[in-house]
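Here it is: the structure, laid out below.
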Amino acid sequence: MNSHQRIADLLKTLPIGRTVEVKGWVKTRRDAKDLSFLEINDGSCLANLQVLASPGLANFATDVKKITTGCSLRVKGELARSPAKGQEVELQAREIEVYGWAPAESYPLQKKHHSFEFLRSIAHLRPRTNSLGSVARIRSALSFAVHRFFQEQGFYYVHTPIITTSDCEGAGEMFTVTALDLDNPPRTATGRVDFAKDFFGRPASLTVSGQLEAEVYALALGRVYTFGPTFRAENSNTSRHLAEFWMIEPEMAFCDLQGDIDVAEALLKYLIAYALEHCQEDIELFNRFIDKELIAKLSGVLEQEFARISYTEAVERLQRAGRAFEFPVSWGIDLQSEHERYLTEEIFKRPLVVTDYPRAIKPFYMRVNDEKTVAAMDILFPGLGEMVGGSQREERYDMLLTRMTETGVNPDDYQWYLDLRRFGTAPHAGFGLGFERLIQFVTGMANIREVIPFPRTPGAAAL
Ligand code: 4AD
Ligand code: MG
């Protein structure tokens, strides 16, 4: 079964005059005189391989002339320089075997433009399109690059749990994990659902972030990261929100907010540079069809330092902007995406780090600077908004306890987290980078639903 070669390898090594075998799916068939030309794609790269089929083939009339878009094939033949324009080489077929037909009247992916919205309705077929195939290859390459960056920098990869009993962001936007019979749950004396009788003996959920558990390992191994799926039951039907998304979360002992930002900037530049170097063909597709400025934008990010301002300064800038925002700006508000985009797209025109947010709008774990602010940071990207959220963590026991009380977090539920501050506490910091937001930036895709294989959003989880 594995005698065949990947088209990506053939196009790289060009073994002209050699007999090769490829297996893939037909993009198009076109007939000229008595010949048939097939464009084959095997997913190994964006480019197709042109196959030349002539009437000498044993099954030319019975099979080859019936081949349509979407059929899967095995082709064996000789690789030759192509006399025609448009491709460097062609495969002159000696054998063509059809593995699977794809009836033209019912195969949804005909050679024409399909909207991304339509493609979402056929999530099982859409990776066979050029754009979704390119997204998938870029996702794979950048996942690998994430690990490479951290491993090169001495971080250890920690598998934080998916099922958790803590709410890291304190927002209560969690999916419950239960084995109770929902039609007939056990009840407490007061009539509430009795989670003491549930699988874990207490309420449990899907994690919104691996941070709290990553902190445990950072305070043992020094520098760690987690990279896995996270879940948010927030009812945000936007082009930047998913209910299930992947987050990259480094956590570093003996690190402050500035060190945290430095790592985030280095990581983002590394990943973008990696994509430009290793995913050239796929990125060129997006540069051609999605955003003509894409490559310029990506290269631009590498050339400049990220801008850095405090939240207070950001608010002043917005107030001086002389424009009516939908959400009025005053010190203490949570920045809305219109504010973030104005700052990064119109004022700074490059990635922007905003630091030291109001204490009243941030979770309990962020380190208190003073009466009013915490050592938080968000990294905002033009055209996208928030790419990264992070902070220095509160390492002082008493202050953490104060913050838990302030934010309504029950210390009894977080004894282990408080213990980290009782036994060998240390300054530490970390951040979360939304992997799909990164892929959106790298591909220029407008909607986050196109950059994850099977998007989960309110009302949508069919496949
Ligand atoms: O800002 P967030 O909520 O931060 C945290 O969860 C921290 N505990 C991370 C940490 O410090 N270790 O989320 C981090 C990033 C956001 O900046 C955004 O890129 C992405 O995760 N994100 C989402 N991406 C897609 N869909 C959603 N619903 C997202 N929510 C957050
Ligand atoms: Mg955030």
Side-chain angles (χ1 to χ4, degrees), residues 135-162 164 168-169 207-231 244-279 298 301-302 305-306 308 351 353 365-367 375-379 381 384 386-393 395 420 426-443 451-452:
V135 166
R137 283 183 293 271
I138 290 173
R139 248 190 102 98
S140 169
L142 286 185
S143 301
F144 174 73
V146 165
H147 289 292
R148 211 175 88 168
F149 173 86
F150 285 120
Q151 298 288 331
E152 282 172 7
Q153 305 271 333
F155 286 69
Y156 295 105
Y157 180 30
V158 176
H159 299 107
T160 51
I162 307 262
T164 173
C168 174
E169 295 306 293
T207 190
V208 296
S209 160
Q211 175 198 323
L212 302 185
E213 295 89 348
E215 282 184 58
V216 171
Y217 272 77
L219 294 172
L221 304 190
R223 300 176 128 204
V224 302
Y225 67 106
T226 168
F227 178 17
T230 49
F231 307 85
E244 175 180 305
F245 64 98
W246 285 64
M247 207 184 340
I248 300 152
E249 295 183 275
E251 194 66 35
M252 298 157 278
F254 313 110
C255 181
D256 62 10
L257 189 67
Q258 291 311 314
D260 198 33
I261 298 170
D262 291 342
V263 171
E265 180 168 348
L267 171 65
L268 283 160
K269 286 180 170 168
Y270 183 96
L271 295 175
I272 290 168
Y274 189 93
L276 283 169
E277 187 184 339
H278 293 89
C279 309
L298 296 176
V301 169
L302 303 183
E305 302 277 292
F306 291 5
R308 302 186 185 194
V353 190
Y365 58 73
M366 294 188 175
R367 191 177 198 278
M377 64 101 164
D378 272 5
I379 304 184
F381 265 60
L384 192 82
E386 181 186 336
M387 176 83 90
V388 166
S391 76
Q392 187 168 337
R393 317 306 187 190
E395 86 284 12
L420 298 175
H428 62 290
F431 62 83
L433 163 59
F435 190 55
E436 286 72 23
R437 301 251 174 112
L438 172 74
I439 305 294
Q440 267 192 285
F441 187 74
V442 167
T443 58
V451 298
I452 188 163

Exercise. How about Arg139 and Leu142: do any of their side-chain heavy atoms sit closer than 4.5 Å?
Worked result: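 Arg139 does not reach Leu142 side chain to side chain.
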Problem set entry | Derivation of the side chain to side chain contact (heavy atoms under 4.5 Å, CB included) call for Asp260 and Asp256 | CA-CA 6 Å; Asp260 198 33; Asp256 62 10; over 6 Å; no
Exercise. Between Phe227 and Phe435, is a ring pair (Phe, Tyr, Trp, His ring centres under 6.0 Å) present by the stated rule, with each step listed?
Worked result: CA-CA 9 Å; Phe227 178 17; Phe435 190 55; 5.1 Å; yes
Exercise. Which side chain to side chain donor-acceptor pair (under 3.5 Å) pairs, counting each pair once, include a residue from residues 426-435, with sequence neighbours left out?
Worked result: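 Every side chain to side chain donor-acceptor pair (under 3.5 Å) pair that includes a residue of residues 426-435, provided the two are not neighbours, is Glu215-His428.
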Exercise. Does the Glu265 side chain pair with the main chain of Phe306, one donor and one acceptor, at a distance under 3.5 Å?
Worked result: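 Yes: the side chain of Glu265 pairs with the backbone of Phe306.
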For this session: Identify the heavy atoms of Met247 and Val208 that sit nearest to each other, and give their distance.
Result: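 Nearest heavy atoms, Met247 then Val208: CE-O, 3.5 Å.
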Exercise. Between atom OG of Ser209 and atom OH of Tyr365, what is the distance when rounded to the nearest 0.5 Å?
Worked result: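 Here the rounded value is 6.0 Å.
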Exercise. Is it true that Arg367 and Glu395 make a salt bridge, defined as a side-chain N closer than 4.0 Å to a carboxylate O?
Worked result: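 Counted as a salt bridge, because a side-chain N and a carboxylate O are separated by less than 4.0 Å.
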Exercise. Heavy-atom count around Glu305 CD within 6.0 Å, excluding the residue itself: above 12?
Worked result: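 Counting other residues, nucleotides and ligands, CD of Glu305 stays at 12 neighbours or fewer.
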For this session: Test Phe381 against Val388 for side chain to side chain contact (heavy atoms under 4.5 Å, CB included), laying out the working first.
Result: CA-CA 9 Å; Phe381 265 60; Val388 166; over 6 Å; no
Exercise. Minimum heavy-atom separation for Lys269 to Val301, with atom names?
Worked result: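 Heavy atoms of Lys269 and Val301 come nearest at CE-O, 3.4 Å.
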Exercise. Any idea which heavy atoms bring Gly390 and Met366 closest together, and the distance?
Worked result: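 That closest heavy-atom pairing would be O-CE, 4.1 Å.
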Exercise. Using the benzene-type ring in the case of Trp, are the ring centres of Phe149 and Tyr274 under 6.0 Å apart?
Worked result: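 For Phe149 and Tyr274, the ring centres are not under 6.0 Å apart.
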Exercise. Which atoms form the tightest heavy-atom contact between Val451 and Val135, and what is the distance?
Worked result: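 So the two residues come closest at CA-CG1, 3.7 Å.
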Exercise. In Å and rounded to the nearest 0.5 Å, what is the OG1 to CD distance from Thr207 to Glu213?
Worked result: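 One gets 5.5 Å once the value is rounded to the nearest 0.5 Å.
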Exercise. Going from CG on Leu212 to OG1 on Thr164, what distance comes out if it is rounded to the nearest 0.5 angstrom?
Worked result: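 Those atoms lie 7.5 Å apart.
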Exercise. Salt bridge between Glu251 and Arg223, side-chain N to carboxylate O under 4.0 Å?
Worked result: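 No salt bridge links Glu251 with Arg223.
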Exercise. Do you know the tightest heavy-atom contact between Leu268 and Leu438?
Worked result: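 Answer, listing the atom of Leu268 first, then Leu438: CD2-CD1, 3.9 Å.
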Problem set entry | Trace of the side chain to side chain contact (heavy atoms under 4.5 Å, CB included) decision for Gln392 with Met377 | CA-CA 9 Å; Gln392 187 168 337; Met377 64 101 164; over 6 Å; no
Problem set entry | Heavy-atom closest contact (Val224 atom, Phe155 atom, distance) |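 Reported closest heavy-atom pair: O-CD2, 3.3 Å.
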Exercise. Will you find, in the side chains of Arg148 and Tyr270, an N or O donor that is under 3.5 Å from an N or O acceptor?
Worked result: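 Arg148 vs Tyr270: donor-acceptor pair found between side chains.
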Exercise. Would you say the side chain of Phe431 lies within less than 4.5 Å of the side chain of Val263, judging by non-hydrogen atoms?
Worked result: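 Yes, close enough: below the 4.5 Å cut-off.
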Exercise. To the nearest 0.5 Å, how far apart are CG in Leu221 and CE in Met252?
Worked result: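 CE of Met252 is found 14.0 Å from CG of Leu221.
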Exercise. Does OH in Tyr157 sit with more than 12 non-hydrogen atoms of other residues, nucleotides or ligands closer than 6.0 Å?
Worked result: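 For Tyr157, atom OH is crowded (more than 12 foreign heavy atoms under 6.0 Å).
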Exercise. If you measure from CD1 on Ile261 to OG on Ser391, what distance do you get to the nearest 0.5 Å?
Worked result: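 These two atoms lie 10.5 Å from each other.
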Exercise. Can you find a pair of side-chain heavy atoms, one from Leu433 and one from Leu271, that are under 4.5 Å apart?
Worked result: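 Of all side-chain heavy-atom pairs linking Leu271 with Leu433, at least one is under 4.5 Å.
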Problem set entry | NZ/NE/NH1/NH2 to OD/OE distance under 4.0 Å, Arg308 and Asp262 |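 Looking at Arg308 and Asp262, the cut-off is met.
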Exercise. For the atom pair CZ (Arg393) and CG (Leu219), what is the distance rounded to the nearest 0.5 Å?
Worked result: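 Those atoms lie 10.5 Å apart.
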Exercise. Can you list the steps and then say if Tyr225 with Gln151 is a side chain to side chain contact (heavy atoms under 4.5 Å, CB included)?
Worked result: CA-CA 10 Å; Tyr225 67 106; Gln151 298 288 331; 2.9 Å; yes
Problem set entry | Residues Thr226 and Thr160: side-chain donor-acceptor under 3.5 angstrom |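 Their side chains do contain a donor-acceptor pair, which is all the 3.5 Å distance test asks for.
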Exercise. Would a 4.5 Å heavy-atom cut-off, applied to side chains only, mark Thr230 and Phe245 as touching?
Worked result: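 When only atoms from C-beta onward are counted, Phe245 and Thr230 do touch, with a gap below 4.5 Å.
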